[in-house]
A.B. asks: 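Below is a structure I'd like to ask you about.
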There are 2 protein chains.
Amino acid sequence: MEEHILFQALADPVRLRIVEAMRSGEWAVGDIVERMDIHQSGVSRHLRILAEAGIVQMRPDGQRRLYSVRAQAFDRLEAWVASYRRHWDRRLDRLGNALKGKSV
Amino acid sequence: MEEHILFQALADPVRLRIVEAMRSGEWAVGDIVERMDIHQSGVSRHLRILAEAGIVQMRPDGQRRLYSVRAQAFDRLEAWVASYRRHWDRRLDRLGNALKGKSV
DNA sequence: AGTGTATATACATGGAAGAGCATATATTGT
DNA sequence: ACAATATATGCTCTTCCATGTATATACACT
């Protein structure tokens, strides 16, 4: 479980912007540096945090490192959210049944 | 969108435990204090952060305040995750088509 | 081998955030 | 009105984290 590490990684605005940018595929570190207004060392550190959280993966390409998002991380997020929805559905069902029983 | 505020609120382990506990419905502040090993003032502060992020809502009940989770917050999360999945599906489709075209 | 390029890491620093304590602000009951 | 209970908030302290600078490491090219 430990989902809070996942959330911690996405909590920083710069990291979230990096992840959002990665919707469009793989990015080299230098490309990210150009778009984000932050120093290269910062980008590398952010990428390390994202990688440790399992959100991104790295693929070496010559002297560059291409980073991309891992679908499995979003599977975890989706499963987490879904577990709440199941709880609510149950509660709404109970509410609905209670209303049906009481009124009408 | 500013989803990073949502993630920031869920990034703290204590806050995440509070949210997890709220799967089972409404909780008064004092009840949370009993289960979490933290001072009451801390719980109140965490609840304020969760409320400002739109994750929980409050309902006064006498001298107590009953907190519960807001389904809409999870709608936002779910939508966010879903937008990534759409991107991947498109990319996988392209990959699939490319493979079909090249091999066989 | 040596030079240039791309990325990662060690270090120091400023600022944010979480913790407990004390106190303020309801609300209930007498 | 007063005492008791429940919760929120101001304060201080400490810890953590993001940042930039400087440096190390890895790779490419000649």
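Below, chains carry the letters A, B, ... as their sequence lines are ordered, and counting in each starts from 1. The structure displayed is predicted, hence computed values, not measured ones.
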A.B. asks: Could you tell me the separation between the CD1 atom of A:Ile49 and the P atom of D:dC16, rounded to a whole number of Å?
C.D. replies: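 Interatomic distance, CD1 of A:Ile49 to P of D:dC16: 14 Å.
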A.B. asks: Just to be sure I understand the rule, does A:Gly42 reach a base, reach only the sugar-phosphate, or reach nothing, if contact means heavy atoms closer than 4.0 Å?
C.D. replies: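 Nothing, no nucleic acid heavy atom in range.
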A.B. asks: Below the 4.0 Å mark, does C:dA8 have OP1 or OP2 next to a side-chain nitrogen or oxygen of A:Tyr67?
C.D. replies: yes
A.B. asks: How many Å lie between CZ on A:Arg64 and C1' on C:dG4, as a whole number?
C.D. replies: 14 Å
A.B. asks: DNA chain D: A:Gln40 or A:Asp12, which has the more 5' nearest nucleotide?
C.D. replies: A:Asp12
A.B. asks: Reckon B:Arg48 has a side-chain N or O less than 4.0 Å from the OP1 or OP2 of D:dA8?
C.D. replies: no
A.B. asks: So, do A:Phe7 and B:Leu6 sit near enough that their side-chain heavy atoms are less than 4.5 Å apart?
C.D. replies: no
A.B. asks: For nucleotides 27-30 of chain D, which of its nitrogen or oxygen atoms have a protein nitrogen or oxygen under 3.5 Å away, and what is each distance?
C.D. replies:
residue : atom : partner : partner atom : Å
D:dC27  : O2   : A:Gln63 : OE1          : 3.4

A.B. asks: Between atom CD of A:Gln57 and atom CG of A:Leu66, what is the distance when rounded to the nearest 0.5 Å?
C.D. replies: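 Interatomic distance, A:Gln57 CD to A:Leu66 CG, rounded to 0.5 Å: 11.0 Å.
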A.B. asks: Applying salt bridge (charged side-chain N to carboxylate O under 4.0 Å, His left out), can you list everything that pairs with B:Arg48, at least two apart in sequence or on another chain?
C.D. replies: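 B:Arg48: salt bridge (charged side-chain N to carboxylate O under 4.0 Å, His left out) contacts with B:Glu52.
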A.B. asks: If you take atom types as modelled and just measure distance, does the side chain of A:Ser41 reach the base of D:dT21 with a donor-acceptor pair under 3.5 Å?
C.D. replies: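 Answer yes: a donor N or O sits under 3.5 Å from an acceptor.
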A.B. asks: C:dG18 C1' sits how many Å from B:Ile18 CD1, rounded?
C.D. replies: 12 Å
A.B. asks: In whole angstrom, give the distance that lies between atom CE of A:Met36 and atom P of D:dA18.
C.D. replies: 15 Å
A.B. asks: With heavy atoms under 4.0 Å as the rule, sort B:Val43 into base, sugar-phosphate or nothing.
C.D. replies: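 Answer is nothing: B:Val43 stays at 4.0 Å or more from every strand.
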A.B. asks: To the nearest Å, how far apart are A:Leu47 CG and C:dA6 P?
C.D. replies: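 Value for this atom pair: 16 Å.
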A.B. asks: Over how many whole Å does the gap from A:Ile5 atom CD1 to D:dC16 atom C1' extend?
C.D. replies: 15 Å
A.B. asks: Testing the 3.5 Å rule here: is there a donor-acceptor pair between the side chains of A:Arg65 and A:Ser44?
C.D. replies: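 Absent: no donor and acceptor within the cut-off.
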A.B. asks: Whole angstrom is fine here: how far is it from CE in B:Met58 over to P in D:dA6?
C.D. replies: 16 Å
A.B. asks: For D:dA18, does either OP1 or OP2 sit under 4.0 Å from a side-chain N or O belonging to A:His39?
C.D. replies: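 It does not, given that no N or O in the side chain of A:His39 lies less than 4.0 Å from OP1 or OP2 of D:dA18.
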A.B. asks: Which part of the nucleic acid, if any, lies within reach of B:Ile38 when heavy atoms closer than 4.0 Å are counted: base, sugar-phosphate only, or nothing?
C.D. replies: sugar-phosphate
A.B. asks: Kindly say whether B:Gln8 contributes a backbone atom to a donor-acceptor pair with the side chain of B:Arg15 at under 3.5 angstrom?
C.D. replies: yes
A.B. asks: Please name the pair of heavy atoms, one in B:Leu16 and one in B:Leu10, separated by the smallest distance, quoted to 0.1 Å.
C.D. replies: CB-O, 3.9 Å
A.B. asks: Charged N to carboxylate O below 4.0 Å: is that the case for A:Arg17 and A:Asp12?
C.D. replies: no
A.B. asks: Within the pair B:Arg15 and C:dG18, is there a side-chain N or O less than 4.0 Å away from OP1 or OP2?
C.D. replies: yes
A.B. asks: In whole Å, what is the span from the CH2 atom of B:Trp27 to the C1' atom of D:dA6?
C.D. replies: 17 Å
